[in-house]
**Q** 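Below is the structure I would like to discuss, written out as structure tokens.
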2 protein chains.
Amino acid sequence: MYVKKLPELDYGVATTIKALGGKWKACILDCLHLGIRRPSELCRNIPGASLRVLSQQLKELEACHIVYKKVYAEVPLRVEYYLTSWGESLWPVIVAMNEWGNAYLHHHCNNTPQES
Amino acid sequence: MYVKKLPELDYGVATTIKALGGKWKACILDCLHLGIRRPSELCRNIPGASLRVLSQQLKELEACHIVYKKVYAEVPLRVEYYLTSWGESLWPVIVAMNEWGNAYLHHHCNNTPQES
DNA sequence: CTTCATAGGGATAAATTTATCATCATAGGC
DNA sequence: GCCTATGATGATAAATTTATCCCTATGAAG
């Protein structure tokens, strides 16, 4: 890993963005809400993300106490991720962001924000 | 600038994060809500951010139609940024993110998400 | 014996974002 | 003239995030 060199902002929004801002994190949280729990399942449900990347993001979400991991002593190894109460409490925020973003996309269709 | 090489996710949350996710964007939007409009004023109100970086972020926000720019033909040059209706409609989302993030910070005090 | 699925991680590369430094232009104060 | 402030931008460096490749380990299936 690396170490942050620049000071951070103790800012509610900044904190939320750090928690949610990873490329695949919102997708992962969506999947967890749908009951998809195992890394390999997540990988199949999120086209474009490799297992490696999802593992990294899950690890970060876990470090943030947004998800937690259950490991079963089976073979092949079986792991499940669940939302913590912090993860659950994040849901309304995700919904609000999703609504705004979708409304935005409908009005600025075929472009992402930075490019339009 | 650079050109994106990898495909983007057409995801409401991803869109919102792209719009809000810049390091200083939430600060800028806060300032605009407070009536701070000129780049040099923003710079003085956001310790740590250089004028150059704020200009970049303002430019991105402008490209997203979240803020717009008014230029006055004065000397020295005078510029003001305002929230568009999209920018205004983003406010509830920012508030929700801010509340969650602040609650989070209070319970995991002295740590940012990724480090805790 | 080879391959698959499972989950994880080290090493490294690539992509992206943010910061730094320099420059331009204009007018005023000293 | 030199320094200030204003706002913008080009070039480049640094920091950070995301992706790729390869390896570990286990047991079952072929």
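Given the structure is predicted, the values throughout are model-derived calculations rather than measurements. Numbers restart at 1 for each chain; the letters A, B, ... are given by sequence-line order, proteins then strands.
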**Q** What's the NZ-C1' distance between A:Lys18 and C:dT18, to the nearest Å?
**A** 15 Å
**Q** Would you say B:Leu77 and B:Leu51 are hydrophobically clustered, going by side-chain heavy atoms of ILVMFWY under 4.5 Å?
**A** no
**Q** Distance check needed: D:dT9 P versus B:Leu54 CG, whole Å only.
**A**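 Interatomic distance, CG of B:Leu54 to P of D:dT9: 14 Å.
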**Q** Closest heavy-atom contact between B:Val67 and B:Leu58?
**A** CG2-O, 3.9 Å
**Q** Counting just side-chain N and O atoms, does B:Lys23 come under 4.0 Å of either OP1 or OP2 of D:dA15?
**A** no
**Q** Hey, which of these two, B:Gly22 or A:Gln56, hits DNA chain C nearer its 5' end, going by closest nucleotide?
**A** A:Gln56
**Q** In whole Å, what is the span from the NZ atom of A:Lys70 to the P atom of C:dG8?
**A**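 Distance, rounded to whole Å: 16 Å.
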**Q** Tell me: CD1 of A:Ile17 to P of D:dT16, nearest whole Å?
**A**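 Result: 16 Å.
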**Q** What integer distance in Å separates B:Leu42:CG from D:dA5:P?
**A** 17 Å
**Q** Calculate the interatomic distance between A:Glu74 atom CD and D:dA28 atom P; express it in whole Å.
**A** 13 Å
**Q** For B:Glu60, is there an ion pair with B:Lys18 - N to carboxylate O distance below 4.0 angstrom?
**A** no
**Q** Whole angstroms only, please: what is the CZ-P distance between B:Arg52 and D:dT9?
**A** 8 Å
**Q** What is the distance, to the nearest angstrom, from the CD1 atom on A:Ile36 to the P atom on C:dT6?
**A** 14 Å
**Q** Write out a two-atom table: protein N or O, nucleotide N or O from nucleotides 6-8 of chain D, distance below 3.5 Å.
**A**
{"from": "D:dT6", "atom 1": "OP1", "to": "B:Arg44", "atom 2": "NH1", "distance (Å)": "3.3"}
{"from": "D:dT6", "atom 1": "O3'", "to": "B:Arg38", "atom 2": "NH2", "distance (Å)": "3.0"}
{"from": "D:dT6", "atom 1": "O3'", "to": "B:Leu77", "atom 2": "O", "distance (Å)": "3.3"}
{"from": "D:dG7", "atom 1": "OP1", "to": "B:Arg38", "atom 2": "NE", "distance (Å)": "3.1"}
{"from": "D:dG7", "atom 1": "OP1", "to": "B:Arg38", "atom 2": "NH2", "distance (Å)": "3.2"}
{"from": "D:dG7", "atom 1": "OP2", "to": "B:Ser40", "atom 2": "N", "distance (Å)": "3.1"}
{"from": "D:dG7", "atom 1": "OP2", "to": "B:Ser40", "atom 2": "OG", "distance (Å)": "2.7"}
{"from": "D:dA8", "atom 1": "OP1", "to": "B:Lys69", "atom 2": "NZ", "distance (Å)": "3.3"}

**Q** Please determine if a side-chain N or O atom of B:Gln57 lies less than 4.0 Å away from the OP1 or OP2 oxygen of C:dT18.
**A** yes
**Q** I'd like to know if the side chain of A:Tyr104 and the backbone of B:Cys64 have a donor-acceptor N/O pair within less than 3.5 Å.
**A**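 Here the side-chain-to-backbone pair exists.
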**Q** Which heavy atom of B:Leu32 sits nearest to which heavy atom of B:Tyr82, and what is that distance?
**A**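 Closest approach of B:Leu32 to B:Tyr82, heavy atoms only: CD1-C, 4.5 Å.
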**Q** What residues form a side chain to side chain contact (heavy atoms under 4.5 Å, CB included) with B:Lys69, not counting sequence neighbours?
**A** B:Glu62, B:Val71, B:Val79, B:Tyr81
**Q** For the side chain of A:Gln57 and the backbone of A:Trp24, is there at least one donor-acceptor N/O pair under 3.5 Å apart?
**A**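 It does hold such a pair.
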